[in-house]
Amino acid sequence: MNKNILILDDEEQFQSDHRERLKSVPAVKNFDLPIVSVAQFSDDVGVLLERAKNGGRAPNEKETCFDSAAILFVDYRLIDLKLQGFFTGELVAYLARCFSRCGIIVGVNQFGDRFFDLSLCGHPSSFADVNIGAVDIENPGLWQDGWDGFRPWHWPLLPKAVEALENRVTDLTNLDVSLFEFVGLDDARVNALPRNVLEFVTRKSAADAPGTTIREFITDSGNGLNRKEQTTEAFQHRVAAARLCKWIERFLLGGQSTLVDAPHLVTRLPSLLKGEPTLDVLNATARFEEELIATHQFVKSNWISRPAWFWESLKDDNNIDDVRDPWSRKDVPYRFCEDTSRFQPPDKCKEFVADLPSPFTRRYAERVDGVNYVPELRFSM
Amino acid sequence: MDPSEVLIFSQLFLAVDVKHRQDLQETVGAARDLYDRVLSSHTHIGQRALEALLPSGTRAAGDFFAIKQFIYFKPIQDDHEAGWLLPVVSLKYDFAKNPVELRIYVALAQMIGENVRFHGFRFEAPEGPGEGDHDFYHVQLIRGFARNGPRLNPPTSDLSIVPEKQPSFSLRADGPVTMAMAFFVSLYGMRFLDELRKVGQIPEKFFQTFRTP
């Protein structure tokens with residue numbers, strides 16, 4: 001498995017500053033931090049472009065820095081890169097995802113320096129697996145369990161994400177199978193999906209959409225390969241492993257309606273908690289290993305960054321006290337904060353309305369100083 | 001049954017659903033607390049699923065309770081004692097039957113202290129040709145969304161044994177569309193007819209039923 005963390009920008013100071021700071025993050029010690037010059041970055045992007053023009057294999061094929069990257073941080077603004085046309089980090093993310101063996105891609109500064117997206121949409125069209133501001137490259141919450149301060153809940157833990165991506169590539173033995181069947185969505189669940197959730201993976205009609213294969217998703221939907229481009233079978237597997245995971249994370253889990261994760265689940269069904277709903281007990285659910293209930297769990301653990309459960313079947317399970325006796329349910333006296341990934345008393349939280357294809361749009365944030373919350377009008381008055 | 005009236009019935013529900021779904025997303029405060037609380041036990045049906053389940057040219061019969069998904073309409077503010085009431089709705093219909101079977105079930109969710117309780121009603125089309133106790137458009141109380149199904153309220157609650165047969169209140173309606181309109185007027189008052197007019201898909205003749213002589 002690749003061990004390199006790359007930080008790429010059109011000026012080398014940015015890279016060296018963050019390389020130095022990353023060395024102080026304990027979880028980074030298992031990785032290497034090679035220096036990649038702007039010239040090499042530029043040359044290697046050139047190779048990816050050649051691969052893109054030639055179905056995934058360049059005429060003068062050579063190993064690029066992207067092929068050995070476990071984690072790639074790429075800055076959005078690349079205006080000084082000496083390449084033809086206007087290059088952005090998003091374009092590099094696309095090329096690295098579709099035409100290299102690159103691991104997890106982190107887009108840097110595309111949406112602001114230190115921002116929290118109150119829509120909670122999570123930029124699904126971006127080919128970066130996660131988008132952050134540069135100041136958060138060294139944020140411990142991006143690297144390891146246990147954090148303090150700003151740490152958006154949808155962030156994965158990068159070391160785990162690297163391993164999970166490679167496991168997903170191995171999982172994908174055949175791309176010509178039903179995407180929904182592979183993910184574990186039966187017809188009833190597919191039919192309940194909102195239009196924009198389906199549209200991300202297929203351009204077919206409602207009647208034909210359930211038959212969409214994983215390969216059709218990455219070649220025809222517009223959210224995998226550009227429709228006029230082709231790539232090798234091996235790269236297609238990597239595109240599928242990354243893009244399908246993003247669909248699951250942002251669309252199936254983000255709305256907390258098809259899938260629901262532990263902190264959101266226990267606020268709806270507090271009887272699943274192991275103990276009284278104290279802050280400590282609640283915050284123990286906001287981790288990446290929580291095991292609340294075995295049944296209804298989304299079993300493809302490599303395809304999601306945290307444990308999650310199918311809400312529709314779980315909410316009708318009479319083995320759960322709050323389902324059997326919904327009238328006696330007591331509200332949890334704390335709110336889960338999406339920007340700090342922890343519970344807080346209501347008076348420390350600000351309510352906002354996320355823009356999600358789900359009824360569960362009422363969420364909370366702690367409002368950390370120095371963070372730009374956008375769009376701010378999503379905060380309740 | 002005139003097929004075009006069945007389609008107008010569906011269009012009416014869809015139009016109100018679109019508007020109220022948006023309103024619910026923007027709702028805050030106690031009304032939102034109630035919505036979030038009820039969501040834990042009653043799935044808010046998605047727009048695509050609703051379109052697929054409402055009656056159409058190819059779908060003469062349906063029962064929303066079979067899939068345990070519900071339509072939500074915007075909450076109603078009562079006085080300071082009663083607080084907010086949130087309509088949670090299920091439909092059952094069979095337009096191939098004679099007489100047509102059409103039932104709109106509504107459970108009005110309400111916070112009583114720290115507990116959610118429901119006030120259940122069913123709006124129904126005539127059940128026979130004219131001699132029976134319920135052979136007219138009417139409204140009755142209900143204990144659950146389905147006969148012999150789960151109760152809306154806990155067994156210990158007085159609301160769990162409301163009378164389901166009588167009374168049967170007469171409704172100002174003469175077909176599926178006016179029955180649906182009467183349902184909305186019952187929830188939101190006569191002014192709601194103006195909101196329905198804005199939808200633009202309901203022919204004026206259906207509004208005549210509600211004109212006071």
Side-chain angles (χ1 to χ4, degrees), chain A residues 188-199 206-207 209 255-258 260 264-271 311-316 318 320 322-333 335 346 350-364 377-381, chain B residues 17-18 20-53 58 64-72 86 88 107 109-118 149-157 159-160:
Chain A
R189 284 174 175 148
V190 174
N191 290 334
L193 294 176
R195 281 194 177 84
N196 56 350
V197 174
L198 277 177
E199 282 167 0
Q256 302 291 333
S257 174
T258 305
V260 56
H264 294 93
L265 178 55
V266 297
T267 56
R268 291 179 213 167
L269 302 175
S271 66
W311 169 243
E312 273 307 303
S313 57
L314 187 143
K315 76 162 185 49
D316 290 329
N318 274 315
I320 301 168
D322 287 328
V323 173
R324 206 171 45 253
D325 180 9
W327 306 285
S328 303
R329 204 199 84 182
K330 297 284 178 241
D331 281 341
V332 168
R335 306 282 179 263
K350 179 85 174 157
E351 183 181 327
F352 67 95
V353 180
D355 182 18
L356 294 164
S358 158
F360 299 100
T361 53
R362 184 201 216 183
R363 305 292 178 89
Y364 300 89
L377 57 80
R378 291 212 157 268
F379 276 123
S380 301
M381 298 297 283
Chain B
D17 172 75
V18 167
H20 286 209
R21 190 182 294 273
Q22 185 61 37
D23 287 349
L24 275 166
Q25 291 306 312
E26 301 295 331
T27 297
V28 294
R32 182 70 191 220
D33 290 341
L34 178 61
Y35 176 52
D36 284 354
R37 178 72 182 261
V38 180
L39 276 177
S40 299
S41 52
H42 294 75
T43 298
H44 188 165
I45 192 168
Q47 224 163 342
R48 208 166 66 86
L50 177 61
E51 286 169 23
L53 271 176
T58 55
F64 280 50
F65 188 72
I67 60 159
K68 291 188 180 166
Q69 301 206 7
F70 302 88
I71 309 169
Y72 281 67
L86 176 69
V88 183
Q110 180 187 26
M111 290 304 295
I112 299 180
E114 289 189 349
N115 302 312
V116 179
R117 294 291 180 263
F118 294 92
R151 303 260 172 139
L152 293 169
N153 292 295
T156 51
S157 163
L159 293 169
S160 73

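So you know, we letter chains A, B, ... as the sequences are listed, proteins then strands, and number each from 1.
- Of the atoms belonging to A/T267, not a single heavy atom falls under 4.5 Å from chain B.
- Taking all atoms of both residues into account, the shortest heavy-atom contact from B/R48 to A/A192 is NH2-N, 4.2 Å.
- There is no contact between A/D322 and chain B, counting heavy-atom distances below 4.5 Å.
- Side-chain N or O atoms of A/W327 include one that pairs as donor or acceptor with a backbone N or O of B/L152 at under 3.5 Å.
- The nearest pair of heavy atoms linking B/R37 to A/P326 is NH2-O, 4.1 Å.
- Taken to the nearest 0.5 Å, the NZ atom of A/K315 stands 7.0 Å off from the NZ atom of B/K68.
- Taking chain A as the reference chain and counting heavy-atom pairs below 4.5 Å, the highest number among B/N153, B/V116, B/L50 is found for B/N153.
- Applying the salt bridge (charged side-chain N to carboxylate O under 4.0 Å, His left out) test to A/D355 and every residue at least two apart in sequence or in another chain returns A/R378.
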Identify every side-chain donor-acceptor pair in residues 26-35 of chain B under 3.5 Å, counting partners at least two apart or on other chains, and give the distances.
| from | atom 1 | to | atom 2 | distance (Å) |
| --- | --- | --- | --- | --- |
| B/E26 | OE2 | B/Q22 | NE2 | 3.4 |
| B/T27 | OG1 | B/D23 | O | 2.7 |
| B/R32 | NE | B/D36 | OD1 | 3.2 |
| B/R32 | NH1 | B/L24 | O | 3.0 |
| B/R32 | NH1 | B/Q25 | O | 3.0 |
| B/R32 | NH2 | A/P359 | O | 3.4 |
| B/R32 | NH2 | A/T361 | OG1 | 3.0 |
| B/D33 | OD1 | A/R362 | NH1 | 2.7 |
| B/D33 | OD1 | A/R362 | NH2 | 2.8 |
| B/Y35 | OH | B/H44 | ND1 | 2.8 |

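- Counting only heavy atoms from C-beta outward, the side chains of A/E312 and B/T43 approach each other to under 4.5 Å.
- The side-chain heavy atoms of A/R268 and B/L39, taken from C-beta on, include no pair separated by under 4.5 Å.
- Across A/V323, A/L269, A/D331, the residue that shares the most heavy-atom pairs under 4.5 angstrom with chain B is A/D331.
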